[in-house]
Structures are given as structure tokens and as C-alpha cells.
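Here the structure comes first, spelled out in C-alpha cells, and everything after it is commentary.
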Amino acid sequence: MVMGSGGGDRSDDGNAPRLPAVMAAGMGSSASATDRLLRLATAVATVATLFLAKTVLVPITLAILLSFVLAPVVNALLRLRLPRALAVGLTVAMALGLIGGLGVIVFGQASNLADDAPRYARTIEAKIESVRDYATAQSAAFSREFDRARPAGARRADRNRIATAAPKAAGAAPVPVEVHQPDPTPLALASAVLAPILGPLELTVIVMVITTFILFEREDLRDRFIRVFGSSDLHRTTLAMDDAGARLSRYFLAQLAVNTAFGIIIWAGLWFIGIPSAGLWAILAGLLRFVPYIGPVLGAIPPLALGAAIVPDWSLAGHVALLFLIVEPIIGYVVEPLLYGRSTGLSPISVLVAALFWTWIWGPVGLVLSTPLTLCLVVLGRYVESLAFLDVLLGDRPPLTPLEMFYQRILGSNPEDALDLAEQLIEDQPLREFYDRTARATLLLAAADVRRGAMAPDKAQHIADATLAMVEYFQDHDIAPPPPGARPPAEWGRPGAVVCIAGRGTFDVAVAAMATQLLGRRGFGAVHITATDPAQLAGSDGALATAGIICLVHLSLSGNPAHLRLLARRVAALAPGVPIVIGCWHGDEARQAEALGAARNVDSLTEMVAACVTIATADAPAEPAPPLATSPVA
């Protein structure tokens, strides 16, 4: 049996069964939960793979990042008409020469440092002993002062207890025990000597081989990546990859140049101060500077400790500290902003979290690679829609728009947060733009939430009161200069020359207050009243009695459209001949307002002010309206 439309159990063609709405919603919720669990499982599997496969992934990652650095050099050689094989070969040879030179310097500096290590250890022990003696003397002096302050009976009891415990302690002499390690075999000794050398050498060879392959097959690898992730939109994917590759290459190359210059300056400074193995510490400081915020501090610790170990006093350590305190701010706050900007595109908290995460996953290599890897993830999130959450979590761009931030703040229980954000936003835009793009748009969102039942009436009233308090605060505190542009004649500055009438909606009074404030900043004597107060509309003493322009403010979705029509007819009857500007922000209501014969129909507060300026400058100076009829028009 096929049921009709009232049953809702079959589709329109009468064949395929249709699920009830409750079952469909339940299945949708189940699918959403399954999708979240699947994403969580994918994230856990990814982290586990990064940790377990670090032996394979670390060389590949280093090779990819090194290819970004070497790609501009290869492109420059290709522009000189060199074959690709020769260009890649020369670039890799220069990189190997540079890495080999650094390795020779590090090995030589470390060997020289090892010869003098016993002497440095004795100096450190002497300084520690002096500090310990000083601490012991201060502790003894404090104990004596404390003992003098104690009662005599307590001091005698302590001496008797110590005298009683001394013979017992003397009678229990400890038995000395010595542990001897067997002498190492020649094979174990060779392994201990060669392991620190062969490990980095093996990693360097693997990285250079993979880098060479990437530079040779760069176009083919790019095509394969596009085929896997973006073949449905070749144009957009190609532009995204080219832009991301160019940005990363420029950034890595600039960062490498800056950190190399930093290392050279530190090398010269440490050599001038007299710190042994200055090249070793300079290379270490240059590498650690790839880690923002904490890298320069970590790079300064070894030469500081060595400066304290060379001489009995602390003069060398002070000179080393002064060197880093001078060079790092100059590099970080002068040179870097001139080259590529201080910002890396990463939020400060994400840099620290990334340093901890990659160090946990890959050890010291992960600490050095944390910022480049995180930057790659952010660039990937900006171009791949499914990975956009990476840009939101790790990037430095605001996660919410100004409208969303303001709505979130004003929804809270502390209106001061919304006011603080409003003051920050007004620093970058005129007050009229803030009212239109943020404040009024926020009230539109709130009105939509009220209409669909997502917001309680008391919460809506709280938002309206907070917005009105913000407008009043801006009225009392002149936070921005008056806007430029045409101004009305001086006659329009009298109080009540322009009357803004707020509709019956919850948020209409706040919007009318915004309009009144903007009109006053333009030179009008504007006031605002509510349509729910008959005494202000009718009678010879009402606000309409002296109005030269009347503005009706009706926020869309917050009131009844029929009320707007009735209010416009009533105002037109009470103040005949006075121009009426209607501000409503919904398509259907705007079309209805056009049929009311209003002088202007506007869809923003800026346009409302502009319409009033046009009317004031085009007409004769405003005269008070004739006496109003005592019987209101329904």
C-alpha cells in the first residue's frame, strides 16, 4: 500500500521508502559521531607513525626542507642555461662542501675543548665549593642567631640529645664497597669512538641522496601530488603549490641567511672575548636560533657556562651575556622585520607547543625542525580545504571575524569585554563602519537567533542593554574625530531637528541610538524616541513638533513588518510634509517601505546619515512642523 503525502513514509515516486525525520536525525547524529571518532583515530595513528617511523621520516623531512632552501639556487643556475643535471650537481656539491666544512670545524673545536676539559672542571668545582662555603657560613650564622633567640632549656635539651646519639652513630661504622667495571674490549672501544661520528655522517649521506632525487624529479613529484590531492581543480591546485613553494623557499633561505649571519657575529664576539672553541658555540647558537623564543636562550647557555669555567671570577660570563643581549635584539627586531617580517605566520602559543611536540616525537632534531615543519602545516592548511583546521589552530590569523568575536563577547555575562573589543576595532576603522559592519550586524544575528528560538527574551534584552550602554559610552568619550564630508547648515544643529523613531523590536532602540549619535557627529541636533511612547509622538509638546527630518529605525527580523507600515502612516499623518527616512535591513520589508512614499529608504546607518545630509543641504533651512492633530491615526 502506497501512502500519500500525509504519511511521509515513501518518496515522491512512491517506490523508495522514506525514513521518518526522527530516524534520519538519529542516523545523522550517529554518522557525525562516527566521523569524529574516525578523525580522532586518524590523528592518533598519525602521531604513532611519526614516533615509530622517525628513523625513516627524519631524513625525508630534512631532505624536503633542504630542497626548499636549494631550489632557488637550482633555478638560478637553470636560468643561466645550465643543464638540470649540472645545476643540481653543483648545488648539491656546494651544500655538501658547506656541511663538510661545518663538520670539520665542529670536530676540531670539540677536540680542543676536550683537552682542556679537566682544567675547566676544576675551576667549576672551585666556584661551586666557594658558593657552598658561603652558603654554609650564612646558614651557620643564621643558626647561631636562631639558637640565641631560643630559651635556655630548649638549647640544653638539644645538646643532651646530640650527645646521646653520637656514641650510637660512632659504633655503626659503614662497610666500604667498591664496584669495578671490566676493561672495555677493542671492539667496544671502537664502537664508542666511531658511533658519534658514523651516525651524523650516515644521516647526512641519506639526506643528500634524497634531496638530490627531489631536485631532479621536482616536477614529476609535483604532478603526482596534484594527482592525489587536487586533480579535480588543476588551476587552483597548481597556483596553490607554486605559491606555497615560493613562499617557503624565500622564508627558509632568508632565515638561513639571518641565522648564518648571527652565528658569524657570535663567533667573532666569542673569539674576541676569549672563549675557547668559539666556532662550536657559534654553530650551535645559529642552529638553535631556528627555534623561536627559546632557541637564542638555549644557544647562550653553553658559552656562558664555559665563560664561568675558564677564570675564577665571573667577568667572562658577563661579557658573553652582554654579547647575546646586544646581538639578538638587533637581529630579531631590526634585521628580520626588514627581510621577511617578524611574524612567521604562526601564533606564539603554537610555536611553543610545536617545539614541545616535535622534540617529544623526534628529539633534538625535532626541536630544530619544529618551526619549519609547523610553518609547512600552516601553509598546507591555507590551501587545502580539508586541512583548514591546521591554519586555524596554528596560524596567527584571527580565528574569528570581528563580527563573530564581538557577538561572542556580547553574548557573555561581562559587557566590558565587548566594549574593550569595540575600542580596539574602532582604532582601525571609522565609528560609522564599526556600527554598520559589526554592532548592527551583531544585532541582526541576535534577532535571527531570537526568531528561531535559540535565544531567550531575557538574553536578547541583555544584549540590547549592553549595546545601548556601549553607544552611550562612546557618546561620553570622544574616541574618534568627527567624520569628514558635507555638513548641514547651522540651523540643523538645534535640538530635535532630526528625530529617530525606534520600532517595537528588542534591538531597535540600540540601533536608533547609533543613528542619533552618528547624526550628531555630522552636525545634526538629533534625538531618538520609541514608537511605544504615544506621548512623544502626538501633541504640541511631542518630539515631532520640531522635527525637520524623521528617521524610522526598524531592525529586520526583530519586529512585525506590519508595524512598520502602520508606524510610517501614523508619522506621515502626524507630521505632514516632513521628509521621512526609513531604515530597515531586509529585502521584503525594504520593498514594502518603498511603497510607503518615504523620502529615502536606506539599508545602512551610513546611508541614513548621508540621506539626511542630502535632504538638509537640498532643502531650505528646517522650520518647525505645524501643530499636530490631537487624534492619532491608527
Side-chain angles (χ1 to χ4, degrees), residues 97-135 192-193 195-197 199-201 204 255-336 355 359 363-365 367-371:
L98 180 61
I99 295 174
L102 292 177
V104 170
I105 294 174
V106 169
F107 182 77
Q109 299 276 318
S111 300
N112 296 332
L113 185 65
D115 296 337
D116 297 328
R119 179 167 59 87
Y120 301 149
R122 288 192 296 270
T123 305
I124 290 293
E125 289 175 359
K127 288 189 175 183
I128 294 175
E129 187 66 26
S130 64
V131 172
R132 185 184 303 164
D133 293 342
Y134 177 78
V193 173
I197 301 175
L201 182 61
T204 302
Q255 193 179 39
L256 179 63
V258 169
N259 293 346
T260 301
F262 176 80
I264 293 174
I265 296 173
I266 294 297
W267 190 342
L270 294 178
W271 174 83
F272 181 78
I273 293 172
I275 300 297
S277 305
L280 174 62
W281 312 125
I283 294 173
L284 180 63
L287 291 176
L288 288 176
R289 205 179 178 280
F290 281 95
V291 183
Y293 306 114
I294 61 175
V297 177
L298 296 177
I301 292 176
L304 277 172
L306 188 58
I310 293 176
V311 293
D313 58 15
W314 300 93
S315 59
L316 283 182
H319 294 158
V320 173
L322 186 62
L323 173 66
F324 277 89
L325 290 176
I326 292 176
V327 175
E328 171 57 28
I330 293 176
I331 296 292
Y333 295 98
V334 177
V335 177
E336 282 184 343
T359 303
V365 177
L367 179 63
V368 177
L369 296 179
S370 61
T371 300

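In this chain, residues are counted from 1 in sequence order.
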For a 4.5 angstrom cut-off between non-hydrogen side-chain atoms, does [X] reach [Y]?
X    : Y    : result
L369 : F290 : no
V258 : R289 : yes
I265 : I330 : no
V297 : F324 : no
L306 : P276 : yes

To the nearest 0.5 Å, what is the distance between [atom1] on [X] and [atom2] on [Y]?
X    : Y    : atom1 : atom2 : value
L287 : L298 : CG    : CG    : 12.5 Å
I331 : I326 : CD1   : CD1   : 12.5 Å
W267 : S277 : CH2   : OG    : 10.5 Å
L288 : I301 : CG    : CD1   : 9.5 Å
L98  : T260 : CG    : OG1   : 7.5 Å
I266 : L323 : CD1   : CG    : 4.0 Å

Indicate the atoms forming the closest heavy-atom contact of [X] with [Y], along with that distance.
X    : Y    : value
A278 : L270 : CB-CB, 3.7 Å
I275 : P303 : CD1-O, 4.4 Å
A282 : G263 : CB-O, 3.2 Å
A355 : L367 : CB-CD1, 4.1 Å
L284 : P302 : CD2-CG, 3.8 Å

